[in-house]
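Worksheet: the structure to be examined is printed underneath.
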Amino acid sequence: MNSLLNQPKLKRNFFTLDVLTVAQSLLGKILVKKSDGNTYAGKIVEVEAYDGTFDEAAHTFIGKTKRNEIMFAEGGFFYVYFTYGAHFCCNIVTGVKDIGTAVLLRAVEPLIGIEEMAINRFGHHLLNEKEKFNLTSGPGKLCKAFDINKKHNTTDLTGNEIFILKQRKISADKIVITKRIGIKKSVELPWRFYIKNNPYVSRK
DNA sequence: CCACGGATTGGCT
DNA sequence: GCCAATCCGTGGA
């Protein structure tokens, strides 16, 4: 069924490039999580870049703290945080060591483990096509669907639990660039990227 | 110790 | 379109 999954994992050198390059390169790649006998996989369709060196919206703009520490590691680690008293969001740390940059995963297109994602999100099996589009079309939603939580913070993405599969590069004319969503600082930076016309993007 | 606000979501008007 | 829910990280007293 899945030639998409028959691809090598991205290695360290993919993630250690600068955050804007990695953000756009991640579009179209496959996020995979294996745990407790379940396998989840989805195509990354929407991301945002955060760069604490001058971006006031980045969690690392205030410097290193216990919460954001992993963002200062070299690229290829998972940064998971909890927000609004209810939701987890997951990021992929980028760049060289001691630079606080990361890419927020905002939406994926579900590929593998869809029924389990529905259980995680809604507590029941998929009822209709509409629910499928609501499974992973947002940063909090995709973490719920993939059962990603605080214990996955600092996970090494070159390991075997959570990783990303290489895929063909998405051409520039298929990438839409906009301002980021849901932030109050540095709102003008055009650092949100999504795949044009993909129905799993959180919003236009 | 206490106060404040958030890289969101879903339900109600 | 508007807004409450809900709790943890952060910083100031």
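Chain letters run A, B, ... following the sequence lines, proteins first and then strands; every chain starts at 1. Everything quoted here is computed from the prediction, not taken from an experiment.
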Inset, instruction - For A/E56 and A/S186, work out which heavy atoms get closest and say how close. - result: N-OG, 2.9 Å
Legend entry - Donor-acceptor contact below 3.5 Å, side chain A/R180 vs main chain A/A49: yes
Legend entry - Sidechain-backbone polar pair: A/N91 side chain, A/A102 backbone, donor-acceptor under 3.5 Å: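 Pair absent, no side-chain N/O of A/N91 close to backbone of A/A102.
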Legend entry - Evaluation steps, salt bridge (Lys or Arg N to Asp or Glu O under 4.0 Å), between A/D147 and A/R121: CA-CA 9 Å; A/D147 190 27; A/R121 278 272 291 138; over 6 Å; no
Legend entry - same_hphob_cluster(A/L26, A/V93) at 4.5 Å side-chain heavy-atom cutoff: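 Different clusters: A/L26 never reaches A/V93 through Ile, Leu, Val, Met, Phe, Trp or Tyr contacts under 4.5 Å.
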Inset, instruction - Look at the side-chain heavy atoms of Ile, Leu, Val, Met, Phe, Trp and Tyr, link any pair under 4.5 Å apart, and say whether A/L135 and A/I162 land in one connected group. - result: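 Per the 4.5 Å side-chain linkage, A/L135 and A/I162 are co-clustered.
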[X] [atom1] to [N] [atom2]: how many Å, rounded?
| X | N | atom1 | atom2 | result |
| --- | --- | --- | --- | --- |
| A/I148 | B/dT8 | CD1 | P | 16 Å |
| A/M71 | B/dA7 | CE | P | 11 Å |
| A/E69 | C/dT10 | CD | P | 11 Å |
| A/F82 | C/dC7 | CZ | P | 7 Å |
| A/E188 | B/dA7 | CD | P | 17 Å |
| A/Y194 | B/dA7 | OH | P | 21 Å |
| A/F88 | C/dT6 | CZ | P | 15 Å |
| A/R67 | B/dG6 | CZ | P | 11 Å |

Inset, instruction - May I ask you to verify if any side-chain N or O of A/T83 is less than 4.0 angstrom from the OP1 or OP2 atom of B/dA7? - result: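 Answer no for this pair, as no side-chain N or O of A/T83 is under 4.0 Å from OP1 or OP2.
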Legend entry - Any A/K66 side-chain N or O less than 4.0 Å from OP1/OP2 of C/dT10: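 For A/K66, the contact criterion (side-chain N or O under 4.0 Å from OP1 or OP2 of C/dT10) is not met.
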Legend entry - Dot-bracket pairing map - DNA chain B, Watson-Crick plus G-U, both contacts under 3.5 Å, | cross-strand: ||||||.|||||.
Legend entry - Any donor-acceptor N/O pair under 3.5 Å between B/dA7 base and A/Y81 side chain: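 In this structure, the two groups form a donor-acceptor pair.
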Inset, instruction - May I ask whether A/Y84 stacks on the base of C/dA5, given the cut-offs of 5.5 Å between ring centres and 30° between planes? - result: no
Inset, instruction - Go through C/dG11, B/dA7, C/dG9 for me and flag the one nearest to the A/I62 side chain. - result: C/dG11
Legend entry - SB check A/R106 A/E48 (cutoff 4.0 Å):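 Here A/R106 pairs with A/E48 in a salt bridge, since their nearest N and O are under 4.0 Å apart.
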Inset, instruction - Taking the side chain as every heavy atom from C-beta outward, state whether A/L104 and A/C89 have any pair of such atoms under 4.5 Å apart. - result: yes
Inset, instruction - Determine the contact category for A/I183: base if any of its heavy atoms lies under 4.0 Å from a base atom, sugar-phosphate if only primed atoms, P, OP1 or OP2 are that close, otherwise nothing. - result: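 Result for A/I183 = sugar-phosphate.
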Legend entry - Test side-chain contact (heavy atoms from CB on, under 4.5 Å) applied to A/T101 and A/L20, A/V22, A/V19, the passing residue: A/V19
Legend entry - Along DNA chain C (nearest heavy atom to each residue), the more 5'-positioned of A/K150 and A/A86: A/A86
Inset, instruction - Decide side-chain contact (heavy atoms from CB on, under 4.5 Å) for A/F72 and A/T60; before the verdict, give the C-alpha distance in whole Å, the side-chain angles of both, and the deciding distance to 0.1 Å. - result: CA-CA 8 Å; A/F72 290 92; A/T60 45; 3.4 Å; yes
Shorter than 3.5 Å, N or O on both sides, protein versus nucleotides 9-13 of chain B: list them out with atom names.
from   : atom 1 : to     : atom 2 : distance (Å)
B/dT9  : OP1    : A/P139 : N      : 3.1
B/dT9  : OP1    : A/G140 : N      : 2.9
B/dT9  : OP1    : A/K141 : N      : 3.2
B/dT9  : O4'    : A/H87  : NE2    : 3.3
B/dG10 : OP1    : A/R121 : NH1    : 2.7
B/dG10 : OP1    : A/R121 : NH2    : 3.3

